[in-house]
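In what follows, a single structure is set out as structure tokens and then discussed.
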Amino acid sequence: MSQNSFANQGRVLTAIFMREVQTRWGRRNLGFAWLFFEPLIFAVPVLTLWHVIRPSSENGLPMFPFLWTGYMGLLVFRHVTGMAMHVVRSNSALLYHSAITPLDIFIGRCGLEAIGNAASTAFSFIVFCAAGILDLPYDFPLMLLGFFLMAWWALAIALIVAAVSERSEMVEHIWPPISYVYIMISGFPYMSYWLPPGLRDMALTVNPALLAYEIIRGGLYGNMIPTYQYPLYLSYILLVLTAIGLWLMRNVREHIEVM
């Protein structure tokens, strides 16, 4: 791709980002800042309530960092994949512009949601550290890598959901219960070392979200708890899922009517 093509693509994505911000939040009140604060409206009350009603540690494990990592990882997945349903169809008028592709529309909405959740995670980290209820991480780069892989996981699944939802109306009926079951199996409420060895090996083999959580919590807790970190293996899985999503997205125009 030439330098001009990259520049044109950058202008297209910037325009779609700005359109999405304007459509969702407009110019009134906090405007663009809602991109960062909206996820916090979900996270802060839940985390504060858990901090008040639960003991500060269980079995020697500080609970607030565990809950914070779990809930922020859960939010990015649910918000990004939730935005993916019929994302191309609902913005199909943009396809009249020859420079805009279905993938651009997906990046404009789901990519923006991922950025907002990442900013919310960073902001909540600063606030909770300043309040003294979240300690500085043992290995900050490792924790960042885990959050990056979690966001990639969310975007890869969202890409598949976006493409498949344009092919079948059934997806909008089956995805909500799947996303609820995901809460329990993702790694949000448990650690790998809590599982029996056989179940642990299977979970770490087939559950990308759990692998991302292990990296995040390994970076945060350090040697305080045993974690199972396989970032290279997880990256291979995410590359395959991304390739599947891109393959499904390539001819999604054939399945929608341009409005």
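In this chain, numbering begins with 1 at the start of the sequence shown. Everything quoted here is computed from the prediction, not taken from an experiment.
Within the 4.5 Å cutoff, side-chain heavy atoms of Glu169 are placed close to those of His86. Counting heavy atoms from C-beta on, the side chains of Ile157 and Val80 never come closer than 4.5 Å. Side chains of Met72 and Ile216 form no contact here, defined as non-hydrogen atoms less than 4.5 Å apart. In this structure, the side chains of Phe66 and Met191 come closer than 4.5 Å at one or more pairs of heavy atoms. Between Leu149 and Leu211 the shortest side-chain heavy-atom distance does not fall below 4.5 Å. In this structure, the side chains of Met150 and Leu234 stay at 4.5 Å or more apart for every pair of heavy atoms. A 4.5 Å side-chain heavy-atom check between Tyr236 and Val240 finds every atom pair outside the cut-off. Side-chain contact between Leu204 and Ser192 is present, with heavy atoms from C-beta onward closer than 4.5 Å.
From Ile160, atom CD1 reaches atom OG1 of Thr81 across 11.5 Å, with rounding to the nearest 0.5 Å. Taking CG of Leu210 as the reference point, atom CZ of Arg200 lies at 10.5 Å (rounded to 0.5 Å). Atom CG in Asp201 sits 10.0 Å away from atom CG in Leu195 (nearest 0.5 Å). The distance from the OH atom of Tyr71 to the CD1 atom of Ile183 is 8.5 Å, given to the nearest 0.5 Å. Here Leu67 contributes atom CG and Leu134 contributes atom CG; the two are 11.0 Å apart, rounded to the nearest 0.5 Å. Summarising the geometry, atom SG belonging to Cys129 is positioned 7.5 Å from atom CG belonging to Asp135; distances are rounded to the nearest 0.5 Å.
Tyr182 approaches Ala209 most closely through the heavy-atom pair OH-CB, 3.4 Å. Between Phe188 and Gly70 the shortest heavy-atom distance is CD1-C, 3.2 Å. In this structure, Pro62 and Met224 approach most closely via the heavy-atom pair CD-SD, 3.4 Å. Closest approach of Met85 to Ser165, counting heavy atoms only: SD-CB, 3.5 Å. Listed here is the closest heavy atom pair of Thr121 and Ser124: O-OG, 2.9 Å. Residues Val252 and Arg167 share a closest heavy-atom pair of CG2-NH1, 4.1 Å.
Separation of the Phe147 and Trp68 ring centroids falls under the 6.0 Å cut-off.
The backbone N or O of Arg89 sits less than 3.5 Å from a side-chain atom of Glu166, completing a donor-acceptor pair. Remark: the backbone N or O of Tyr193 is not paired with any side-chain donor or acceptor of Tyr228 at under 3.5 angstrom. With Tyr190 contributing its side chain and Ile185 its backbone, the two residues share a donor-acceptor pair below 3.5 Å. Arg250 contributes no side-chain N or O that, together with a main-chain N or O of Leu246, makes up a donor-acceptor pair within less than 3.5 Å. The backbone N or O of Met170 sits less than 3.5 Å from a side-chain atom of Ser168, completing a donor-acceptor pair.
In this structure, a donor-acceptor pair under 3.5 Å is present between the side chains of Thr242 and Trp152. Under 3.5 Å, the side chains of Thr101 and Asp104 contain a donor-acceptor pair of N or O atoms. Between Thr69 and Arg217, the side chains place a donor N or O and an acceptor N or O closer than 3.5 Å (distance only, hydrogens not considered).
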Worksheet entry | Criterion side-chain contact (heavy atoms from CB on, under 4.5 Å) on Leu61 and Trp194, from CA distance to verdict | CA-CA 12 Å; Leu61 178 68; Trp194 297 352; 3.7 Å; yes

Practice prompt. Could you please spell out the steps behind the side-chain contact (heavy atoms from CB on, under 4.5 Å) verdict for Met249 and Val88?
Written response: CA-CA 10 Å; Met249 187 63 78; Val88 179; 4.3 Å; yes

Item to complete: May I have the step-by-step check of side-chain contact (heavy atoms from CB on, under 4.5 Å) for Ile244 and Leu159, ending in yes or no?
Response: CA-CA 9 Å; Ile244 292 171; Leu159 186 59; over 6 Å; no

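No single ILVMFWY cluster, assembled from side-chain heavy atoms under 4.5 Å apart, contains both Val181 and Trp153. The hydrophobic clustering, which links ILVMFWY residues whose side-chain heavy atoms are closer than 4.5 Å, places Tyr138 and Leu145 apart.
In this structure, Phe77 and Trp175 have tilted ring planes: the angle between them lies in the 30° to 60° band.
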